Amino acid sequence: MSTIKLLSFDLDDTLWLSAPTIHKAEQAFYQHLQLHAPALVAKFSPEALREHRLKYLRAQPNLRHHISQWRTDSLRQALIESGYGKQSSEMASAAFAVFIAARQQVLLLEHCTTVLQELSKNYVLISLTNGNADLSNLAISNHFSASYRAEELGAAKPAAPLFLEALKHAGCRPEEGIHIGDNINDDIFGAKEVGMHAIQARFAADAPPPHPLADQHFNDWRELPALIRQLEAKLKTS
Ligand SMILES: [Mg+2]
């Protein structure tokens, strides 16, 4: 017999839509550069700067697990290439601060807050993200026992470390945990690999169809508590 103790949640495209959030943050980032780094803007369009960032990652693939450092370091390199020399480090840090502040301006999906509040009464809630959103800036963080980011652990989902950290914090076995997220590989496959259950969140416009590996799927936050209860009932009888 198994009961569920831990609910771990992905953030982007699970608690809020990532595309509008990141789009606004990218705009704020580039607008800051238009004001403070005209020589860079003359050399790099927003698309060219994005291409430069991807090229930088190809040269240093480990930065994939440190996305804040990746954005800052690659911008510093672009600033150096634009002739800013020694000022480049400081300028890159200032531009990143603008990006990350805008990145935290998320619009929670409808009913997400009330459902999380309800679930927190019966389960340990932990957030697990590969992104650089910081849950501690949001009021809903009150409902979470802990929040782990890939860049802090140096390993991104689907690798086990984030899931194992959540299980350790909650003091439970993998089969006593459900991970809820949108990405088939990072969230669903990753959770299943460590032996947790997985519920697929389908909110993004380009969300993939329900995946056979997921135990349940939802696209309305009000559905989630019943899905968890159904899964618990199934586990008790199996
Ligand atoms: Mg996600």
Side-chain angles (χ1 to χ4, degrees), residues 6-26 50 54 57 63-68 70-71 99-100 102-113 115-116 119 123 125-138 140-141 143-167 177-194 196-224 227-228:
L6 163 71
L7 302 178
S8 61
F9 289 89
D10 169 54
L11 296 178
D12 290 314
D13 288 327
T14 298
L15 268 58
W16 55 75
L17 295 179
S18 68
T21 312
I22 291 174
H23 179 70
K24 279 187 197 157
E26 291 281 9
R50 187 172 165 274
L54 293 170
L57 180 66
L63 284 176
R64 184 175 292 284
H65 304 301
H66 302 275
I67 57 172
S68 298
W70 166 27
R71 180 174 288 268
F99 173 84
I100 203 72
R103 179 75 171 82
Q104 312 308 326
Q105 305 300 312
V106 298
L107 186 61
L108 289 161
L109 286 159
E110 210 176 356
H111 309 294
C112 169
T113 304
V115 171
L116 285 171
L119 292 173
Y123 307 96
L125 309 191
I126 294 180
S127 75
L128 303 179
T129 183
N130 286 353
N132 46 14
D134 185 356
L135 200 66
S136 65
N137 293 318
L138 303 175
I140 50 158
S141 66
H143 307 311
F144 286 81
S145 300
S147 296
Y148 298 110
R149 286 189 286 173
E151 56 188 356
E152 293 160 345
L153 294 185
K157 296 174 289 184
L162 281 170
F163 298 105
L164 297 180
E165 203 64 27
L167 290 164
I178 304 176
H179 179 69
I180 295 117
D182 67 291
N183 189 287
I184 300 302
N185 188 49
D186 298 350
D187 295 304
I188 307 302
F189 174 77
K192 287 285 175 172
E193 270 294 284
V194 299
M196 292 174 72
H197 310 283
I199 297 182
Q200 183 184 349
R202 301 186 59 249
F203 292 96
D206 58 351
H211 195 276
L213 204 55
D215 296 286
Q216 305 275 14
H217 58 90
F218 71 118
N219 60 7
D220 181 327
W221 266 83
R222 288 171 296 185
E223 299 166 5
L224 187 60
L227 295 179
I228 294 166

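In listed order, ligands and their atoms are each counted from 1. Everything numeric in this text was worked out from a predicted model, so none of it was measured.
Using bins of under 30°, 30° to 60° and over 60° for the plane-to-plane angle, the ring pair F9/W221 lands in the parallel bin.
Take F99 and apply the ring-ring contact (aromatic ring centres under 6.0 Å, His included) test, not counting sequence neighbours, and it matches F29. Every residue meeting the salt bridge (charged side-chain N to carboxylate O under 4.0 Å, His left out) condition with D220, not counting sequence neighbours, appears here in chain and number order: R222.
When the shell of 6.0 Å around CZ of F218 is examined, it contains more than 12 heavy atoms from other residues, nucleotides or ligands.
Inspection of the environment of the Mg ion (ligand 1) yields the following protein N, O or S atoms under 2.8 Å: D10 OD2, D12 O, D182 OD1.
Among pairs with a residue in residues 16-26, those fulfilling salt bridge (Lys or Arg N to Asp or Glu O under 4.0 Å) read E26-R53, E26-R71, at least two apart in sequence or across chains.
Counted by atom type alone, D187 and H179 present one or more donor-acceptor pairs between their side chains at under 3.5 Å.
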